[in-house]
Amino acid sequence: ALSESKYKNEIKTMLLDMIKDDELNDFNRTLMYFLYDNYYHSLKDKSEQNLCQIKLKEAVSKLPDYISSKIEFKNN
């Protein structure tokens, strides 16, 4: 699992970069969103969850409006 990987910081950065990448197709960007979303919800540390959510919100803002407008964030 991503949360147990010794490379989790690098993977998190790559996922966020892929979400923001407007040259990547929308399907794969959305898939990376779901991977990151599932990852940070599995974290036990609430402060790390909050930080991940902030980073994900920033990345989601780079998605096309027809996708980002459908994504809702709930408080952790």
Side-chain angles (χ1 to χ4, degrees):
L2 175 57
S3 60
E4 298 167 0
S5 170
K6 67 179 181 177
Y7 301 109
K8 70 179 180 181
N9 289 329
E10 291 86 352
I11 295 169
K12 288 188 321 188
T13 300
M14 288 175 57
L15 291 173
L16 291 169
D17 288 346
M18 292 174 77
I19 295 167
K20 295 181 218 176
D21 185 353
D22 64 355
E23 293 185 14
L24 188 62
N25 66 57
D26 294 345
F27 174 82
N28 283 307
R29 292 173 75 187
T30 304
L31 185 60
M32 297 309 113
Y33 158 78
F34 282 115
L35 287 172
Y36 193 92
D37 186 63
N38 285 322
Y39 159 72
Y40 94 80
H41 278 100
S42 72
L43 297 172
K44 292 179 179 25
D45 181 348
K46 290 295 182 187
S47 62
E48 188 176 356
Q49 267 190 356
N50 290 334
L51 181 59
C52 286
Q53 186 181 59
I54 290 167
K55 290 180 179 183
L56 185 57
K57 282 181 181 179
E58 178 192 337
V60 165
S61 74
K62 307 295 185 196
L63 288 169
D65 189 53
Y66 80 93
I67 298 171
S68 63
S69 65
K70 306 293 185 204
I71 297 173
E72 295 180 11
F73 290 93
K74 294 178 175 51
N75 293 334
N76 294 330

With rounding to the nearest 0.5 angstrom, report the [atom1] to [atom2] distance, [X] to [Y].
{"X": "D45", "Y": "Y40", "atom1": "CG", "atom2": "OH", "result": "14.0 Å"}
{"X": "L35", "Y": "M18", "atom1": "CG", "atom2": "CE", "result": "9.0 Å"}
{"X": "L15", "Y": "D37", "atom1": "CG", "atom2": "CG", "result": "11.5 Å"}
{"X": "E10", "Y": "M14", "atom1": "CD", "atom2": "CE", "result": "9.5 Å"}
{"X": "S42", "Y": "Q49", "atom1": "OG", "atom2": "CD", "result": "8.0 Å"}

Check your understanding: Is the backbone N or O of D17 less than 3.5 Å from a side-chain atom of D21, with the two atoms forming a donor-acceptor pair by type?
Key ->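 Here the side-chain-to-backbone pair does not exist.
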
[X]-[Y] co-clustered via ILVMFWY side chain contacts under 4.5 Å:
{"X": "V60", "Y": "L24", "answer": "yes"}
{"X": "I11", "Y": "Y39", "answer": "yes"}
{"X": "F34", "Y": "L16", "answer": "yes"}

Point to revise | Stepwise side-chain contact (heavy atoms from CB on, under 4.5 Å) test for E58 and K20 | key: CA-CA 9 Å; E58 178 192 337; K20 295 181 218 176; 3.7 Å; yes

Review point. Any side-chain heavy-atom pair from K55 and Y36 closer than 4.5 angstrom?
Key: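 Answer yes - side chains close enough.
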
Practice item. Show your working on side-chain contact (heavy atoms from CB on, under 4.5 Å) between F73 and L56 and close with a plain yes or no. Key: CA-CA 10 Å; F73 290 93; L56 185 57; 3.8 Å; yes

Check your understanding: Which is it for L63 and I71 under the side-chain contact (heavy atoms from CB on, under 4.5 Å) test, yes or no, and what are the steps along the way?
Key -> CA-CA 10 Å; L63 288 169; I71 297 173; 4.0 Å; yes

Exercise for review: With sequence neighbours excluded, tell me which residues meet salt bridge (Lys or Arg N to Asp or Glu O under 4.0 Å) with D26.
Suggested key: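 Here the qualifying residues are R29.
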
